[in-house]
Amino acid sequence: MKNANLIFDLLDIPGPVPLTNKEMARNLNVTFYSPHQQTEKLDQFSGALKQALTDSGVNVLPFEEALDKNNEYRIKPGIVTIEQGEGRDEELAIRRVSSLYHNPIVTILEGPPPIPPQPTLQEILDSIVGVLAWNLTHVPIFVEDHRWSFCTMNGAVIECNNWEHPHNDVIDSLIPKLAAQVVPPSRDDIVYREHIFDPVKEGHESHIRDFMDAAKIWKQNGLMLAHTSIEDLNYRNTFYKRIVSAYLDHRTGMSYGFLVKQLPTEVKPAIELQKAENGYQRISSERPYLYHNNGQYYVNVSFADKEYLVYLPEVWLLSTRSGCNKTDLKPDRDILKLGLYNGRITIDTPVKLSAKMCRPSYDTYAILAHAIGNVIAASLLENLSPGSIFSKTLKNKGLSISHWHGYPDHHFPLQGYLRHGSTNPPVSCSTPQSASYAFTVKLNTLKQHLSEFDLRQYRGDIHVEPHHGTNITGCMNLSETAEWVDKMHSNSLPFGEATHAQQVESE
């Protein structure tokens with residue numbers, strides 16, 4: 001928990017943040033909206049769902065208690081609203097919420113998900129997003145004769161078993177989706193430095209070529225999902241289209257996956273806290289994990305039952321721009337500079353683009369958590385196993401981070417890379433939990449392999465995000481990563497976006 005609090009502090013994410021299924025359930029407030037449609041199947045499923053939520057520790061409120069006392073038409077922020085059936089335009093719960101971000105809506109519908117037979121990954125995604133836009137819901141649930149399933153804006157379709165007894169699927173799969181809010185960083189929390197990123201002047205031509213080469217490979221294999229335009233979706237009316245646009249921060253659509261290059265940085269060996277000499281002082285009691293010494297910042301990290309001080313330099317990355325087509329990059333517009341600079345998330349926009357065109361990505365927290373974790377892992381390795389490949393690569397060439405909506409095959413290993421994450425709660429992107437898992441489990445996995453793994457050969461990690469996708473972080477460049485995924489896909493059974501809860505691999 002200490003390391004989780006550290007990354008929340010560094011990324012300025014307010015806490016406390018529930019990290020386990022049970023904690024999420026205890027922090028979740030739910031109410032059931034007056035049914036739009038009533039059938040025997042819908043009524044029975046809603047009753048079973050309410051009981052499963054209650055048994056899981058969720059606070060299920062009568063609808064009257066969910067209303068704001070100062071405005072009884074509005075549902076109070078922080079309450080999930082569950083609708084039954086497809087309602088008329090003017091009766092949908094979206095008209096009564098207080099916040100688009102802090103009042104998730106679940107819609108229970110009878111029938112199978114409207115996905116075409118033998119669909120591509122892109123067709124699955126487009127079908128799901130279409131349901132979300134038409135019903136103004138965050139999580140649609142589909143109830144069939146002997147099973148139920150639900151979808152998320154990640155493009156996942158999670159199929160569950162007997163809906164008469166849904167408790168396990170509710171606590172293990174549904175509750176994390178509802179409790180971990182999908183909210184991108186606020187623009188007000190980011191420092192924008194406009195029109196100053198010029199990759200040629202900064203000497204990043206080789207990195208830009210790597211981005212372009214990787215994009216071509218992802219385009220050819222079709223595994224990096226393309227842009228879904230909100231203009232191509234069907235809406236009940238223009239008012240509901242404006243709601244979708246507002247929820248997406250007025251983006252033109254959604255794109256999935258990212259390509260990131262972490263720039264080279266100074267790495268110093270971690271120092272055991274007990275062996276640290278005088279001069280390392282806590283910045284303040286409010287930030288107990290941050291120290292300073294001679295104008296340099298250090299963080300207090302727990303690792304392998306010891307406390308370490310780790311030098312934290314500026315962290316800078318080149319990243320694909322949120323909303324761009326990751327498989328058809330325009331190098332002068334679609335690659336920006338992202339960093340943790342002077343303690344603030346900072347974006348340097350391309351010379352030709354303003355801050356308005358460079359919205360924070362839904363994966364910003366996870367990207368920076370991985371990057372900070374890489375610096376800390378390299379520092380620990382410099383103490384425990386000097387001269388490791390990972391540390392030398394970060395110092396001299398930088399590292400890459402790639403995310404796609406698919407999963408690795410255990411039968412296609414990647415030498416020097418440690419795998420983790422598949423047993424974490426299946427939260428969506430842009431959640432505090434996703435940042436925590438990216439950071440803490442990276443370090444925990446390294447710790448677990450101390451006795452059985454030659455640390456000098458450590459090259460990175462494969463972070464599986466259940467019901468979401470995979471992050472590959474490490475010494476391979478972006479095009480090498482894309483080539484590895486392409487070869488794995490060609491030599492394996494299909495491993496794209498999981499459509500069954502049981503498809504998520506266990507470690």
Side-chain angles (χ1 to χ4, degrees), residues 1-13 15 185 189-191 260-304 306-319 337-348 364-384 386 388 390-399 401 432 435-436 438-444 446-447 458 460-461 473-474:
M1 188 62 192
K2 180 175 182 178
N3 286 344
N5 288 333
L6 167 60
I7 197 64
F8 294 151
D9 189 6
L10 292 175
L11 297 179
D12 199 23
I13 297 174
D189 295 332
I190 293 176
V191 175
V260 167
K261 185 73 177 188
Q262 183 168 0
L263 296 178
T265 190
E266 182 179 7
V267 177
K268 296 182 179 182
I271 304 167
E272 287 189 42
L273 184 60
Q274 291 184 339
K275 298 180 180 179
E277 299 177 356
N278 294 333
Y280 296 92
Q281 302 293 330
R282 280 184 176 170
I283 290 178
S284 69
S285 59
E286 288 78 24
R287 307 191 73 183
Y289 310 109
L290 292 183
Y291 287 69
H292 64 89
N293 183 17
N294 293 327
Q296 295 182 327
Y297 290 97
Y298 291 76
V299 292
N300 181 198
V301 178
S302 296
F303 184 78
K306 293 182 180 180
E307 300 292 317
Y308 289 89
L309 289 176
V310 174
Y311 169 62
L312 186 64
E314 296 174 10
V315 176
W316 285 107
L317 313 101
L318 307 185
S319 174
K337 193 173 179 181
L338 168 69
L340 189 67
Y341 175 66
N342 287 336
R344 298 284 303 278
I345 298 176
T346 302
I347 292 178
D348 290 352
T364 297
Y365 289 140
I367 290 170
L368 286 170
H370 270 295
I372 294 168
N374 290 339
V375 171
I376 291 174
S379 178
L380 291 167
L381 289 170
E382 285 290 87
N383 175 295
L384 301 170
S388 73
F390 188 81
S391 298
K392 288 194 292 187
T393 303
L394 176 56
K395 286 189 288 186
N396 298 322
K397 297 181 179 179
L399 304 171
I401 311 174
S436 171
F439 178 74
T440 61
V441 185
K442 182 192 296 282
L443 299 183
N444 289 344
L446 189 61
K447 177 188 70 176
Y458 174 75
D461 65 283
T473 303

Greater than 12 external heavy atoms within 6.0 Å of D189's CG: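 More than 12 heavy atoms, drawn from other residues, nucleotides or ligands, come within 6.0 Å of this atom.
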Within-4.5 Å side-chain heavy-atom neighbours: [X] and [Y]:
X    : Y    : result
V301 : E307 : no
I271 : Y308 : no
W316 : L338 : no
L10  : F439 : no
Y341 : V191 : no
F8   : P432 : yes
V315 : V375 : yes

Side-chain donor-acceptor pairs under 3.5 Å in residues 391-398, sequence neighbours left out?
residue : atom : partner : partner atom : Å
S391    : OG   : A378    : O            : 2.9
S391    : OG   : S388    : OG           : 3.0
T393    : OG1  : I389    : O            : 2.8
K395    : NZ   : E382    : OE2          : 3.1
N396    : ND2  : K392    : O            : 3.0

Give, for atom [atom1] of [X] and atom [atom2] of [Y], the distance between the pair rounded to the nearest 0.5 Å.
X    : Y    : atom1 : atom2 : answer
R344 : L11  : CZ    : CG    : 12.5 Å
N5   : R287 : CG    : CZ    : 12.5 Å
L6   : Y289 : CG    : OH    : 7.5 Å
T364 : L368 : OG1   : CG    : 6.5 Å
I367 : L340 : CD1   : CG    : 13.5 Å
Y297 : N342 : OH    : CG    : 7.5 Å

Would you check if there is a donor-acceptor pair between the side chains of [Y] and [X] at a distance under 3.5 Å?
X    : Y    : answer
Q274 : K306 : no
E314 : T265 : no
N374 : Q262 : yes

Positive for side-chain contact (heavy atoms from CB on, under 4.5 Å) with L263, one of L399, L317, L318: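 The side-chain contact (heavy atoms from CB on, under 4.5 Å) with L263 is passed solely by L318 among L399, L317, L318.
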Positive for side-chain contact (heavy atoms from CB on, under 4.5 Å) with Y291, one of L312, V299, V310, L273: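 Output: one option passes, namely L273.
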Stepwise side-chain contact (heavy atoms from CB on, under 4.5 Å) check, D461 with H370: CA-CA 10 Å; D461 65 283; H370 270 295; 3.9 Å; yes
Quick one: closest heavy-atom pair of [X] and [Y], and the distance?
X    : Y    : result
A438 : A366 : CB-O, 4.2 Å
S285 : P288 : O-CD, 3.7 Å
F390 : A377 : CE2-CB, 4.2 Å
I401 : A371 : CD1-N, 4.3 Å

Candidate pair Y365 and I345, rule side-chain contact (heavy atoms from CB on, under 4.5 Å), full reasoning: CA-CA 9 Å; Y365 289 140; I345 298 176; 4.0 Å; yes
Geometric class of the Y280/Y298 ring pair [parallel <30°, tilted 30-60°, perpendicular >60°]: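 Perpendicular: the ring planes of Y298 and Y280 meet at over 60°.
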